[in-house]
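Right, one structure below, let's go through it.
Because the structure is a prediction, the values reported are computed rather than measured. Note that the numbering runs from 1 along the sequence shown for the chain.
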Amino acid sequence: MKKKLIVGLYLLCSAYATYAASPEIYPVNWWTGMKTNKLQLLLKNTDADFSKGQLTVNYPGVNLLGVHSFENGKYLAADIEITAAANPGNVDFIYTKNGKKSHISWPLKARKGIPGKDFAQGVSPADMIYLLMPDRFSNGDSTNDRVKGMRDQSLNRADYYARHGGDFKGIIQHLDYLEQLGVTSLWMTPVMENDMPSRTEHGYAITNHYKIDARYGGNSAYRELSDALHQRGMKLVQDAVYNHTGTWHFIVQDLPSKDWLNQWPTFTGTSAREQALFDPHASAIDKKLMTDGWFVKEMPDWNQRNPYVANFIIENAIWYVEEFGVDAIRVDTYMYNDLQFGNDCNAALLNEYPQLSIFGEVLVQNTPNQVYFVKNNINAAFKSNLPGLVDFQCLFNGIVPALTQDLGWNTGVIQLYNVLSYDYLYQDPTKNVLLLDNHDLNRFFSIVKEDVAKQKIAYTWLLTSRGIPQLYYGSEVLMKGETKPDGLVRLDFPGGWKDDARSAFTGQGMTPNEMEMQALVKKLGTYRKNSVALKFGKLMQFAPREGVYIYFRYTDHQTVMCVMNTAKEARKVDLTHFSERTDGFSAATNIITGTTIKLDGSIDIPAMQEMVFELSK
């Protein structure tokens with residue numbers, strides 16, 4: 001009898017295990033009190049007939065509105081509503097198949113912090129953003145350099161395509177350094193799990209949207225970094241990748257249905273011809289190639305026109321902000337996303353977090369093309385709701401020609417003046433993010449042929465012009481490199497590893513030029529933090545003459561005059577020409593040197609130099 005009872009219990013447990021294996025649920029949790037209270041949960045099981053079961057919910061305040069199945073029987077999608085009556089706890093979903101019931105627990109949490117105050121604060125021209133690659137900045141915890149079970153086990157600092165071991169702890173250890181530069185906001189290349197076989201240092205081939213890469217410290221260490229930033233009054237910027245994912249993503253490896261990806265008979269890359277999206281003469285195939293083509297074979301392209309895919313990405317975007325206390329989002333490869341999806345995702349995020357900043361990567365050929373993808377004043381059929389973007393035009397068609405071209409009627413610094421004159425096309429150009437370089441571009445120091453004077457002008461412009469300045473790690477100490485290959489612009493920050501002979505954190509082993517450049521950035525960055533004109537002021541620019549470009553940042557309470565000489569000779573500047581901004585002021589203090597000049601005549605500006613003056617009465 002006892003033997004029969006044991007056999008019976010074994011059979012019962014085996015049957016229960018067959019039908020009761022808990023599925024994975026995405027989003028992995030949610031919160032009470034959210035505006036976004038209607039969700040579409042994606043349930044994934046190992047059972048090929050999982051979709052043949054029935055799902056119900058038994059939790060006060062949570063309603064099940066509908067259930068959907070897919071071609072792949074391992075998935076279900078459940079539409080739920082979390083009403084105001086729901087309290088934090090574990091929501092009980094009941095799954096029934098072949099008369100067997102099992103319980104699926106799904107966490108419903110209480111919110112922590114107040115959006116707009118404690119997180120989701122947004123960034124503004126009052127901020128300075130520092131972009132870094134966490135694998136290449138500082139290694140604070142060598143125990144997570146390799147993580148058992150992950151596909152990429154590389155660890156070789158001599159190989160710029162291997163992992164180098166940088167992590168969140170290393171960043172936390174050097175937040176003092178960022179503050180000394182005047183930095184208020186930290187943007188890292190994507191930190192979601194990238195369990196790809198190789199080239200995982202950049203982070204753009206995501207394999208799990210709900211896990212932070214363990215080699216950086218995982219979810220818990222990412223929260224620690226977010227908290228450490230907020231405790232200092234600093235902000236966290238997420239690098240969000242909506243357009244594509246990695247081939248080893250769990251969904252790509254086992255698709256709910258074929259139409260979750262933009263599929264082609266053979267690998268088809270994007271054309272990268274953004275003109276097809278607004279060209280009134282464009283062909284349908286050019287539009288499709290632009291939007292649906294893949295970046296590379298390792299990065300499958302999401303079909304964002306599929307509502308299930310759109311829901312999965314948008315809900316994750318909101319979850320990520322809430323879970324980790326994000327303040328702003330930089331959207332990777334913005335123009336390659338389905339344009340309507342982009343608007344829908346932005347709207348959903350801003351509905352939940354009205355003060356959140358969103359700026360897109362729009363790497364295009366000229367200013368009108370760039371303007372099309374952001375809130376603009378153009379009479380076009382499609383109207384973007386993207387608040388801001390990375391202002392590549394001010395880089396490529398502005399400061400680069402200003403410092404690399406010979407002076408002419410339409411060459412040299414006049415190009416910087418020209419590109420800013422297009423600001424009338426934007427609804428709010430001050431929400432654009434200015435830059436000199438990033439992880440995909442040549443280091444600016446290499447662009448100017450390692451000319452320190454030109455690098456100083458560039459940083460002076462970056463920190464005094466309109467918009468939100470973004471620094472790329474190490475360029476403040478003259479790191480150089482070109483993108484052939486791209487690993488050369490992604491080298492380690494000096495001093496981020498214990499055995500480094502040189503350290504930009506302490507100055508050990510650094511050259512005088514490197515230290516002088518860093519000191520200039522610190523001086524300008526600190527001044528900018530306390531300058532109402534540079535943070536909130538209007539911009540007035542005067543047409544350049546003989547290579548001298550003069551612009552003002554001003555409010556009712558402060559006026560800053562910036563004098564940039566891009567000529568090979570010193571120039572004498574007649575200040576009476578700028579009387580509409582200088583009238584009422586008698587003197588000007590050079591914020592770098594501390595010297596004061598009178599505004600009653602002319603000033604001499606040395607060759608290839610920019611001076612910044614605060615005017616006084």
State plainly whether the residues [X] and [Y] are in salt-bridge range, i.e. N to O under 4.0 Å.
X	Y	value
K211	D213	no
D127	K235	yes
K456	E610	no
E298	R151	no
D286	R273	no
D423	R466	yes
R157	D145	no
D141	R215	no
E323	R223	yes

Worksheet item: So Y204 and H439, ring pair (Phe, Tyr, Trp, His ring centres under 6.0 Å) or not? Walk me through it.
Response: CA-CA 12 Å; Y204 288 94; H439 57 291; 5.4 Å; yes

Please answer whether the main-chain N or O of [Y] pairs with a side-chain N or O of [X] as donor and acceptor at a distance below 3.5 Å.
X	Y	answer
E361	Y334	no
Q470	D437	yes
D135	G165	yes

Worksheet item: Quick one: which of D292, D344, N337 gives a side chain to side chain donor-acceptor pair (under 3.5 Å) with Q304?
Response: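 The single option meeting the side chain to side chain donor-acceptor pair (under 3.5 Å) with Q304 is N337.
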
Fill in: More than 12 heavy atoms of other groups within 6.0 Å of K383 NZ
yes

Worksheet item: Does a sphere of radius 6.0 Å around NZ in K535 hold more than 12 heavy atoms from other residues, nucleotides or ligands, not counting ones at 6.0 Å or beyond?
Response: yes

Worksheet entry | Full working for side chain to side chain donor-acceptor pair (under 3.5 Å) between Y372 and Q275 | CA-CA 10 Å; Y372 180 78; Q275 295 89 339; over 6 Å; no

Item to complete: Please name the residue in the list Y472, Y130, F505 that meets the ring-ring contact (aromatic ring centres under 6.0 Å, His included) test with F493.
Response: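 Testing each of Y472, Y130, F505 against F493, the sole residue satisfying ring-ring contact (aromatic ring centres under 6.0 Å, His included) is F505.
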
Worksheet entry | From Y26, W260, Y210, residue fulfilling ring-ring contact (aromatic ring centres under 6.0 Å, His included) relative to F250 | Y26

Over all heavy atoms of both residues, which pair between [X] and [Y] is shortest? Give the atoms and the distance, please.
X	Y	value
H164	D159	NE2-O, 2.8 Å
I129	W187	CG2-CB, 3.7 Å
Q365	E274	N-OE2, 3.5 Å
V612	C562	CG1-SG, 4.2 Å

Worksheet item: Among all residues two or more places apart in sequence or in another chain, which pass the side-chain hydrogen bond (donor to acceptor under 3.5 Å, both in side chains) test with E179?
Response: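 Expected list: R232.
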
Practice prompt. Taking side-chain hydrogen bond (donor to acceptor under 3.5 Å, both in side chains) as the test, write out the residues that go with N385, two or more places apart.
Written response: N346

